[in-house]
Amino acid sequence: MPDRTLLWLGYGGCSGETQALLGVEGQALDLLDLLDVDGLRLLWHPSLADRELGPVQRAVAEGREHLTVLCVEGSVALAEDGMFDIAGGTGKYRIVASLCERADYVLAMGACAGYGGWQAQPPNPSGAAGLQYTLDAPGGLLPPGWRSRQGLPMIGVAGCPVLADTQVAAIRWALQGAPGGLDRHGRAPMVQPCLPSAQYRGCGTPRATGMRCTGCTGPRFPNFTGRPLVRWAS
Amino acid sequence: VSGGRRGEEVPRSEGDLRIYWDEHDGRIAKAWCQGTLYRGYEMILAGRYPEDALATTARLCGICSTSHVVAATCALEDAGHLTPPAAGGPAAEPVPGGRVGHVRCAAGGAVLRAGPVP
């Protein structure tokens, strides 16, 4: 089996996808399966790494290390040359942009990474953008026509947060070449509303929390408008 | 720092905070922390409906989301001169009441920040 690698970046977000993956309900096993059974070699993850990203990033950039799957969590801050999210004195958008150019597949884990999410709501002080969208407008960190090394655009794995099962399924699906393709907002087919259950279709949020659904798999999420965001379920 | 050594550490929960220190004679002489991420939630919430703070501030952090919601709730209570009903008070008190989330937050944070390096 050829060497296949996974690199995970944390940007402007809450690390909710990481928390879901490493959660207390046994989902961490899904991630371990991905590494052990599917043979993905973990190059770096902010919560699991024992060293700085820099050397790994340079190895990938210089072609000494092949990058198969790049997962990005959180939005990318573009305002003021990226000074709202920095590493080593420079805007972190530069790092993710350079790694996107080296990756076979780029997955946007969560609503923020794909579309900007919470911090992209007006007035969007940090210039938050998704990898290839800014809310529902094509073009984010990367232009609409951008393609990864395997010829695919950003793969949107939307949610807030995305269930661990969905994250792992999306990575496996990407490794198969993304059969069937993406939907009109660049999302993978296994993206589903949060808190689903066998008892009812669609989003289970109202039943579980008493608040109405805010549409966490949609590109405009959380869709701040003139109406209150929090509406109590009747 | 003469005769000292400078250290730098990145916490493992995303790395949005950096810790710097100067070491001198085996002791920490000075230490600093730097927040490296600004998203502007305060600016985004300005002008919004007050209750929107409950759903929004939870998304600040996937580890300590409950802490932000409890803080937002307290702020709304203060702003509205509200006293929670009798059943609401205990629900917001420390374990075994409603602040289980704080414990979950603390446990998650402890594992990520102080747990063994894999």
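Note that this is a predicted model, so its numbers are computed, not measured. In what follows, chains are A, B, ... by sequence order, proteins preceding strands, each numbered from 1.
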Q: Who among Pro122(A), Pro222(A), Cys160(A), Pro161(A) has the most heavy-atom pairs with chain B under 4.5 Å?
A: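 Counting heavy-atom pairs under 4.5 Å, the top option is Cys160(A).
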Q: Looking only at heavy atoms, which two atoms of Arg227(A) and Tyr49(B) are closest? And how far apart?
A: C-CE1, 3.5 Å
Q: Compare every heavy atom of Leu37(B) with every heavy atom of Gly13(A), then report the nearest pair and how far apart it is.
A: N-CD2, 4.5 Å
Q: For Arg187(A), does the CZ atom have more than 12 heavy-atom neighbours from other residues, nucleotides or ligands under 6.0 Å away?
A: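 Yes.
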Q: Can you tell me how far CD1 of Ile44(B) sits from CD of Gln119(A), rounded to the nearest 0.5 angstrom?
A: 6.5 Å
Q: Does a side-chain N-to-carboxylate-O contact under 4.0 Å join Glu52(A) and Arg18(B)?
A: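 Salt bridge present between Glu52(A) and Arg18(B).
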Q: Is the closest side-chain heavy-atom distance between Gln34(B) and Ile86(A) below 4.5 Å?
A: yes
Q: Between Cys112(A) and chain B, which part of the residue has a heavy atom less than 4.5 Å away: side chain, backbone, both or neither?
A: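 It is neither, since no heavy atom gets under 4.5 Å.
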Q: Given a strict heavy-atom distance threshold of 4.5 Å, which part of Leu60(B) is in contact with chain A: side chain, backbone, both, or neither?
A: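 The answer is the backbone of Leu60(B).
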Q: Among residues two or more places apart or on two chains, list those pairs meeting salt bridge (charged side-chain N to carboxylate O under 4.0 Å, His left out) that have a residue in residues 32-50 of chain B.
A: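 Only Arg48(B)-Asp52(B) qualify under salt bridge (charged side-chain N to carboxylate O under 4.0 Å, His left out).
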Q: Using 30° and 60° as the class limits, which term best fits the ring planes of Phe84(A) and Tyr38(B): parallel, tilted or perpendicular?
A: tilted
Q: Any salt bridge (charged side-chain N to carboxylate O under 4.0 Å, His left out) pairs touching residues 10-22 of chain A, not counting sequence neighbours?
A: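 Sorted pair list comes back empty.
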Q: So which heavy atom on Gly40(B) is nearest to which on Pro125(A), and how close?
A: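 So the two residues come closest at O-CG, 3.7 Å.
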Q: Let me know if Pro228(A) has heavy atoms under 4.5 Å from chain B in its side chain, its backbone, both or neither.
A: both
Q: If I take atom CE from residue Met43(B) and atom OG from residue Ser126(A), how far apart are they, to the nearest 0.5 angstrom?
A: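 Between Met43(B) CE and Ser126(A) OG, I get 9.5 Å after rounding to 0.5 Å.
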Q: Do Thr56(B) and Trp118(A) touch side chain to side chain, with heavy atoms closer than 4.5 Å?
A: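 The answer is yes, as the side chains (C-beta and beyond) meet within the 4.5 Å cut-off.
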